[in-house]
Amino acid sequence: MNNQVSMELLVSLCKRRGIIFQSSEPYGGIGGFWDYGPVGVELRNRIKSHWWRYMVQYRDDVVGLDTSIIAHPQTWVASGHVDSFSDPMVDCKQCKKRFRTDQIPDLEQCPACGGELTEPREFNLMFKTFVGPVQDDASVAYLRPETCQSIFTQFKNTMTTARKKPPFGIAQVGKSFRNEITPRNFIFRSREFEQMEMEFFCTAQESGRFYDYWVQERFNWFVNLGVRKENLRLRPHTADELAHYANGCTDVEYEFPFGWSELEGIADRGNYDLSQHAKVSGKDFSVVDDQTNEKYIPNVVESSVGVDRTLLTVLADAYREETVNGETRIVLKINPEIAPYQVAMFPLSKKLSEPAKKVEIALRKKFSIDFDAIGSIGKRYRRHDEVGTPFCVTYDFDSEEDHKVTVRSRDTMEQDRVSVDQLELYLEEKFKR
Ligand code: ATP
């Protein structure tokens, strides 16, 4: 394992440095919900825009979408979520298998091993609410447990307005909600989280090829994001793990401090999703093949990853403890492209705040900057090492005379004296990879 960090260390760093707070802290928190602080929100936004650039902006065959969190409840009938999650379930206390109560002959005894069963429990993971003033069965709606279903229901509108034809994809970033029975491992499994999903539509003949392509492409994205390759792996699902309609599924896994776990799933889902919506809505989801002139319902290759799990990965992977002059330095070696702050500006003394501020303001439109005038320079370096700021710029008393500032690099801790009027260029060079 290439990580030096424990979950306890990460949780405490996140709180100390304004990355992640427990939701509703004054009320004792609420299980499975988290708030992102000033540093966390910057990192989160950068991860999302990195994904968007890679998946949408840099390609001509994927377009974006942003759909509502609450959709028509029939959406979840078609997707199978209402059915497969709303039945009362029992767990076997011995072999841990889970059964729908309507599918076993005896509610006392496990049909697999004869062990004792728990009381029946509702296991619908969807959060229910009501739309409109009347709270009855007809007004029930759900907070979406995944973002992709509205990609399917808007497939035709998106395809025609974007003037696309399969093979092409639709991408979306947005919140999802699951009433997880056991939220755990910090933000790894929470009840409110964000997903970045892409559905790629193609013919049945092409789906195998596109599936292989996207598995590799998605693995490469994590490497591109700066996650160390040796801490990532691909895990193809075995036949008995696959949904009945799926032709294949591979997880990208990361070696978290609590072990190898799923970061992302890539699946060849056949044409199940569009067929289901066609069946339940009675609408036509087929497209015409340009070559054969025949109508067909496209296959879907899906990639689905959590923003929060990715953020946890970035933090765990970047965390280092180094010994410098006999002292421990905690440093987040985050890819500078996604670092919460790209630059920190320090006036050596409060008296120098005004001229230092001028330098900072000139850089603000180009870089994400934190202006920090409090505490010793050493403490300020420590603070910014802990949130992964790649460059710290100090304006000192000599700066008044020579119009130069000291730029200190997070990774090498080397310092350069740079002329103020060259500073923007100097930093731009440094951010080029
Ligand atoms: P798991 O088995 O971990 O519950 P899943 O296979 O149900 O996950 P998917 O439905 O495939 O997950 O969701 C796709 C991605 O969304 C996951 O790989 C993960 O990154 C993210 N995700 C799913 N559930 C949660 C959650 N409760 N909290 C945070 N992220 C989640």
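Just so you know, ligand 1 is whichever comes first in the structure, and atom 1 is the first atom listed for that ligand.
- Checking Asn299, Asn247, Ile266 one by one against Tyr211, the side chain to side chain contact (heavy atoms under 4.5 Å, CB included) holds for a single residue, Ile266.
- Within a 6.0 Å radius of CG in Asn157, more than 12 heavy atoms belonging to other residues, nucleotides or ligands are found.
- Remark: Thr158 pairs with Val63, Leu65, Gln154, Ile170 by the side chain to side chain contact (heavy atoms under 4.5 Å, CB included) rule, at least two apart or across chains.
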Tabulate distances under 3.5 Å between N/O atoms of ligand 1 and N/O atoms of the protein, writing both atom names on each line.
from, atom 1, to, atom 2, distance (Å)
ligand 1, 3 (O), Arg189, NH1, 3.4
ligand 1, 3 (O), Arg189, NH2, 3.0
ligand 1, 3 (O), Arg309, NH1, 3.3
ligand 1, 3 (O), Arg309, NH2, 3.1
ligand 1, 4 (O), Arg189, NH1, 2.6
ligand 1, 6 (O), Glu262, OE1, 3.4
ligand 1, 7 (O), Arg178, NH1, 3.1
ligand 1, 10 (O), Arg178, NH1, 3.2
ligand 1, 10 (O), Arg178, NH2, 2.9
ligand 1, 16 (O), Gln195, NE2, 3.1
ligand 1, 18 (O), Glu262, OE2, 2.7
ligand 1, 18 (O), Leu263, O, 3.2
ligand 1, 20 (O), Leu263, O, 2.8
ligand 1, 20 (O), Gly306, N, 2.9
ligand 1, 24 (N), Arg178, NH1, 3.4
ligand 1, 27 (N), Glu180, OE2, 2.8
ligand 1, 27 (N), Ser190, O, 2.8
ligand 1, 28 (N), Phe188, O, 3.3
ligand 1, 28 (N), Ser190, N, 3.0

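- Scanning for side-chain hydrogen bond (donor to acceptor under 3.5 Å, both in side chains) contacts around Asp385 gives Arg329, Arg408, with sequence neighbours left out.
- Checked against a 6.0 Å centroid threshold, the rings of Phe201 and Phe155 count as neighbours.
- For the side chain to side chain contact (heavy atoms under 4.5 Å, CB included) test, residues two or more places apart in sequence or in another chain that qualify with Gln22 are Glu25, Trp34.
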